[in-house]
Amino acid sequence: MNPARIPIFRLSSTTELNQICTLLHNATKNSLLLIDELGRGTGTQEGKAIASATISYVTDKIGCMAMFATHFHELAALADENSKIKNYRATTSVIDGNIVFLHKILPGKEEHSFGIEVAKLAGIPQEIINNAKKLYEIDKATQLQLSGKKVGPRVVEKEVAVAHPVISKLQDIDVNHLSPMEALTVLGDLINATKS
């Protein structure tokens with residue numbers, strides 16, 4: 001094989017976590033920590049858990065000033081639990097259906113993640129953007145259903161005329177009355193429905 005054609009893979013999780021480790025081991029109460037993309041490089045649930053635990057550790061154990069930027073917008077809830085944590089958000093506006101970042105930072109938390117919009121701004125092909133929106137809405141509906149919250153009538157984006165059949169099935173599930181075995185069966189049926 002031609003050496004120029006050998007793919008090179010970067011173990012990003014090791015790099016990011018080593019950097020966080022170095023910061024945490026060297027920080028004192030007089031430090032100022034600036035951490036971008038906290039929780040990046042791992043799986044979604046692990047990343048959120050690591051980010052949340054890191055924020056709590058820095059706030060409660062080290063006690064220094066810190067600014068964390070993260071794509072896990074769910075972490076904004078930490079400010080409700082700890083008065084030392086404050087949320088700030090980048091202001092945005094929607095113009096002609098497109099998100100515009102206004103380069104202004106204000107107190108408060110952002111209720112939405114703009115990953116798909118940022119991918120669109122970066123030039124990702126529209127077909128991928130459309131498919132990502134559908135998959136995101138299906139995943140969001142699944143999470144709402146699993147949490148016991150009512151899924152609203154508008155589950156998919158406006159440009160999609162018909163709801164995905166999996167979403168319709170999810171809306172009919174009463175998770176409070178399923179045994180563990182029934183839940184596994186339902187999950188298996190839903191997975192199979194997404195493959196057809």
Side-chain angles (χ1 to χ4, degrees), residues 9-95 98-122 124 129 132-133 135-152 155 170 175-176 183 187:
F9 298 98
R10 181 175 161 250
L11 299 175
S12 62
S13 61
T14 302
T15 303
E16 274 88 22
L17 293 177
N18 280 338
Q19 292 169 348
I20 297 295
C21 181
T22 299
L23 288 173
L24 296 177
H25 284 296
N26 291 294
T28 70
K29 65 178 182 174
N30 297 319
S31 297
L32 170 61
L33 298 183
L34 304 174
I35 302 176
D36 185 31
E37 293 295 343
L38 180 61
R40 181 181 66 179
T42 62
T44 302
Q45 297 305 322
E46 289 176 317
K48 277 194 275 193
I50 291 168
S52 179
T54 301
I55 292 169
S56 296
Y57 181 87
V58 168
T59 304
D60 298 329
K61 180 140 186 168
I62 298 175
C64 67
M65 296 287 292
M67 184 171 74
F68 300 99
T70 179
H71 57 284
F72 296 123
H73 62 278
E74 300 90 344
L75 294 177
L78 292 173
D80 298 334
E81 302 163 11
N82 189 327
S83 62
K84 296 177 187 175
I85 299 172
K86 306 290 182 217
N87 288 316
Y88 289 86
R89 62 183 180 84
T91 56
T92 58
S93 182
V94 177
I95 300 173
N98 295 309
I99 190 82
V100 177
F101 293 92
L102 302 177
H103 303 285
K104 185 174 183 181
I105 305 298
L106 294 176
K109 64 182 177 181
E110 182 55 63
E111 297 295 331
H112 305 284
S113 174
F114 295 110
I116 294 173
E117 289 82 359
V118 171
K120 183 178 178 181
L121 288 172
I124 298 293
I129 299 298
K133 285 180 181 178
L135 293 170
Y136 175 72
E137 292 299 334
I138 290 169
D139 184 58
K140 191 164 67 169
T142 303
Q143 294 302 318
L144 287 171
Q145 187 70 34
L146 292 175
S147 70
K149 295 178 182 174
K150 183 170 173 59
V151 178
V155 179
L170 283 171
V175 295
N176 295 321
L187 180 60

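We're numbering straight along the sequence, starting at 1.
Contact of the L33 side chain with the C64 side chain is registered, since non-hydrogen atoms from C-beta on lie closer than 4.5 Å. When side chains are defined from C-beta on, R89 counts as touching L106, because their heavy atoms get closer than 4.5 Å. Contact annotation: the side chain of I20 approaches that of T54 to within less than 4.5 Å [non-hydrogen atoms, C-beta and beyond]. Using a 4.5 Å heavy-atom threshold, the side chains of L17 and I50 count as touching. A heavy-atom distance below 4.5 Å is found between the side chains of V58 and F68. In this structure, the side chains of F101 and L121 come closer than 4.5 Å at one or more pairs of heavy atoms. Using a 4.5 Å cut-off on side-chain heavy atoms (C-beta onward), T92 and L102 make no contact.
Taking each heavy atom of F72 and A51 in turn, the nearest pair found is CD1-CB, 4.4 Å. The shortest non-hydrogen separation linking L38 to T70 is O-OG1, 3.1 Å.
In this structure a side-chain-to-backbone donor-acceptor pair under 3.5 Å is present from N26 to T22. When atom types are taken as modelled, the side chain of S52 and the backbone of A49 share no donor-acceptor pair closer than 3.5 angstrom. No donor-acceptor pair under 3.5 Å is formed between the side chain of T91 and the backbone N or O of I105.
The CG atom of L24 sits 12.0 Å away from the CD atom of Q19 when rounded to the nearest 0.5 Å. Distance check: T142 OG1 to E137 CD gives 11.0 Å after rounding to the nearest 0.5 Å. One finds the CG atom of N30 at 12.0 Å from the CD1 atom of I62 (value rounded to the nearest 0.5 Å). Rounding to the nearest 0.5 Å places CD1 of I55 at 5.5 Å from CG of L78.
Listed by chain and number, the residues in a ring-ring contact (aromatic ring centres under 6.0 Å, His included) with Y57 amount to none (sequence neighbours excluded).
Within the structure, the salt bridge (charged side-chain N to carboxylate O under 4.0 Å, His left out) test picks out the following pairs touching residues 70-81 (sequence neighbours left out): K48-E74, D80-K109. The salt bridge (charged side-chain N to carboxylate O under 4.0 Å, His left out) contacts involving residues 59-73 comprise nothing, where partners must be two or more places apart or lie in separate chains.
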